[in-house]
Every structure is written in C-alpha cells, then in structure tokens.
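To keep things clear, I will list the structure first and then write my remarks on it.
As the structure lists them, so they are numbered: ligands from 1, and atoms in each ligand from 1. Sequential numbering from 1 along the given sequence is applied to the chain's residues.
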Amino acid sequence: MNYLDDTIAAISTPVGQGGIGIVRLSGAGALSIADRIFRSGNRRDPSAVPSRRMLYGHITDPADDHRVDEVLLSVMHAPKSYTGEDVVEINCHGGMVSVRNILELVLRQGARLAEPGEFTKRAFLRGRIDLSQAEAVLDIINAKTEESMKIASEQLGGRLTERLGELRQKLIEISAFAEAYIDFPEDEIETASKGEMVKGLAEARNEISRLSDTFNEARFFRDGLSVAIVGRPNVGKSSLLNTLLSKDRAIVTDLPGTTRDLIEDYLNIKGLPIRIMDTAGIRNSDEIVEQQGIRRSMQAIEHADFIIALFDGSEPHRQEDLDLMDIIKDKKAVVVISKADLPLRLSVGTIMADGGPLLSLSTVTGEGVEQLKTAIIESNIHDWKEGHEGLVVTNMRHKTALDSAAESLQRAAGLLSGNEPLELFSIEMREALNRIGEITGAITTDDILDKIFSSFCIGK
Ligand code: GDP
C-alpha cells in the first residue's frame, strides 16, 4: 500500500489541560471515519457538508453508541486543506481524557497514528508547499520573538522559493545554451557568447553568495544568539542575569561559587532571541562540583556567540580577572564593570591594558543595563536586512546548499573560460542546479526528508 494512501490521525494541541483539544485526521478515509463516529441533531454527515464547514454534535463510539464528547467538527476537502488531502479537525474539550479517547476511537476506525511532522510532510509530498516552506512551518512553531516569526512567515509565504526559482531558471538557460554545442562538437561557442555566459554565471554566483552571507546574522533570529555571562564568583553574574530576565530564575546568593548549574533561558532584545548561559565562575578550586562548573564555564565561552565578561568594580582585581581577560581575548565580547553603585576600587587600566570598549553597570540602580543590551545587538547585528529586502537565509541546510552551488558555479565558469570540454562544464552546472533544488525539495532524498520532519512534533 502506498504510504500516502493511509489516513493519519494525531492530537494537534499540546498535552495537558486546556480549553480545547484538537484531534486531526488527514487522508482519503478521513471523511468516512468522521461519518461513522459523529452524530448531530440534524443528522448531517461530515462528508455531506461543503468544505470548510463546522458542525456541532457528539463523537459517539459506533460499537456501543457511547457518547465520547461534545465537539465542533470541521471539514476541509482536498486539495484545499493543510495537507492537500481531505482533513477533519475535531475540537473537543481540552485535557488528557477527551482527546485521547477520540484519538483511540479514530485509530480503531482505521486511521494510523501520524509520525512527527507527517501532516506537513504530506503537504510537501502533495505539492502544496515546497521543502523550505515546510521548514518555515517548524520555524514558526519554534519562533521566540516577533522578528523570528516574521522571517519564518516570509519563508512560508514563498519568497525564498520564488528567488531560487528565478536563479534556477537563469542557470538552466545558460546550461541549455552549452548543451546545444555538446551535440554539435564541430561548432565552437563564440567568444562573445562565452563572455555573456561567464558574466551570467558570475551574477548568479554573487547573488547566491549574498543570500548565503545573510545567514551569519539572520541565523540568530531563528536559533537565538548564545550569550555567556562569565566572571569569577560574586562579581554579579546571577544578579545581571536576573535583571536581564526580570524574573528570578538563577539563584542569587552571597556565598561565592554557589551557582553551579548552567542555566539557560531566552531574552528578547529588540526582536533578537538571546539564549543566556549563566555559568559558574572562573576560579581555581579543588572542589569537584565547582570544577565541573568551571569546565562548563570554559565550554560556554568556547561555544557562545558572544560573551559578557564581568569584573567587580567594588574590589581590586584578582588573578582570576586577568586570566579571564586572557581567555576571552580572541572572542567577541563586551567587558562590563559591575556594581557601579559602589565606590570604584578596581584598577580598570590593569584589566583593560590595551584599552577597548567597556561599560559600567549596576543591577541595583539599573545604570548601564540598556547600554549593555545595545552593545549586544550592535556587536552582532549590523545591517543584515539592508540590501536584500528582508530575504534572508536562517537555515544551515540552505546555507550549505547555497555555498556548494556557488562553488560549482565558480568551477563551471573556470572550465568555460579555460576552453575545457563542455561536458565537464555541464556536470558542474547540473551539480549547482541540484544543490539549489535541494533547498526547495525539487531534488530530495528520503534521508533529507526524514531528518527534516523528524524534528517536528506529532500532530503538525
Ligand atoms: P555571581 O556569583 O557572579 O553570580 O554573583 P551574584 O549575582 O550572586 O552577586 C554576588 C553579590 O554581589 C550579591 O550579594 C549581590 O547582591 C551583589 N551584587 C550583584 N550586583 C550588584 C550591583 O550591581 N551592586 C551591588 N551593590 N551589589 C551587587
């Protein structure tokens, strides 16, 4: 049996108590299953109503006429539905019991439990959306800020698809021109035409590279910018984290070295999702737990996109402070002098021997907090939106494909200019087209699809 012939079902709302729960069905059998289990006062069968109608009634087990729940049931006919197939959505009472009972009933009636992301995968396999749009659905679900949401919505709207389609078209034309000469080896491509082709390839490659470059900053809107707050114990890391989060997540304490766990949370700074890692202090210690904290701290420094290095302004510097300056010297970081409300006892010149930007901050008065937020943004986000009309690449898979397409185009242009056999040129061109096609799923493999859709939740 064809995989797409199954009718799939899942609970599409989050697990737990809620006002409404939704069980969703998709596939050729969705309407007939709905007919068997739905009863309404005026005896209207779901399959008999026009598309996009909602019916009020009861889900009833046909085996014993037992009423499972009072529901609103909506019907969407193929192909104008989320999956492109017949879809039925049953809105029942929220909570654990009703949705489960309805799901089990639907499965007894012949539906199969959907795999993660299978509704969206079907939308792709039925040609309703392309692969980059399917990925955008996931990005929307995972969006952490309005800005992340906006970028994902544009991708879902098909802007990337459209631009890649234009690029592919341009490359296909250049390829086809060369192919014609492969069939007639006695003819040579005129120098002028060759020049045009090389120019066309360079333009396409530039455009691909520009798009790929947007990833460097745009990715932060999808995955978050990871920021590590580091410094020796008691400099004020937890206090700063709490100030930034404006809620008490990390433990604030007078005892040095008590924040031993790496606590992660998100901030929203001017639309940028920021994943803050709170870290145990840098300190020489024999205590095992403390050492683990330090190791994790070093890992955080290693893996963070950006570092906030804290130094206690109310005390003279210690060796650990100088060590920290050394550790972060090649990192993207901002140096922050903490406890600015207290008299300055730190010799700033010793810490910042080479000068450089620095900020002073107090979590007691709030001084410097806004400047810190601005510094985080300005150090990481420059002009990612300018010049590409908001069209950006946020997905590593897309960037990798674009980069290898650009490399193929460069090799293709080299082969053409070097009067190498056109067959070799054609191979590179095909490679470039395939890589671009991978992004939208025009070219795809089961592996790629499995990898993408397995990260979805069941019911989407
Ligand atoms: P951590 O060990 O680096 O996480 O430091 P904490 O955030 O736990 O702070 C250590 C101590 O410094 C606590 O007693 C805080 O109340 C105090 N502290 C933190 N920030 C400030 C500040 O801006 N001003 C003053 N006066 N005290 C602060």
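- Taking a cut-off of under 4.0 Å to the non-hydrogen atoms of Val364, the atoms of ligand 1 that pass are 22 (C), 23 (O), 24 (N), 25 (C), 26 (N).
- Taking only non-hydrogen atoms, the option from Thr363, Thr243, Asp312 nearest to atom 23 (O) of ligand 1 is Thr363.
- At a heavy-atom distance under 4.0 Å, only side-chain atoms of Leu342, from C-beta outward, approach ligand 1.
- Residues satisfying the side-chain hydrogen bond (donor to acceptor under 3.5 Å, both in side chains) criterion with Ser98, sequence neighbours excluded, are Asp69.
- Residue Leu240 places no N or O, backbone or side chain, under 3.5 Å from any N or O of ligand 1.
- Among all heavy-atom pairs drawn from Ala401 and Glu438, the shortest one is CB-OE1, 4.3 Å.
- Contact annotation: for Pro233 versus ligand 1, heavy atoms closer than 4.0 Å belong to the backbone alone.
- Close approach of ligand 1 to Asp341 is summarised as follows: ligand atoms under 4.0 Å from at least one heavy atom of the residue are 22 (C), 23 (O), 24 (N), 25 (C), 26 (N).
- Between Val235 and ligand 1, a contact under 3.5 Å exists for at least one N or O pair.
- At a 4.0 Å heavy-atom cut-off, ligand 1 touches Asn234 through backbone and side chain alike.
- Across all non-hydrogen atoms, the minimal contact from Ser314 to Lys339 is OG-CD, 3.8 Å.
- Under the 4.0 Å criterion applied to side-chain N and carboxylate O atoms, Glu118 and Arg122 are assigned as salt-bridge partners.
- Partners of Phe456 according to the ring-ring contact (aromatic ring centres under 6.0 Å, His included) rule, which considers only residues two or more places apart in sequence or in another chain, are Phe453.
- Note on Asp403 versus Lys399: salt bridge recorded, some NZ/NE/NH1/NH2 to OD/OE distance being below 4.0 Å.
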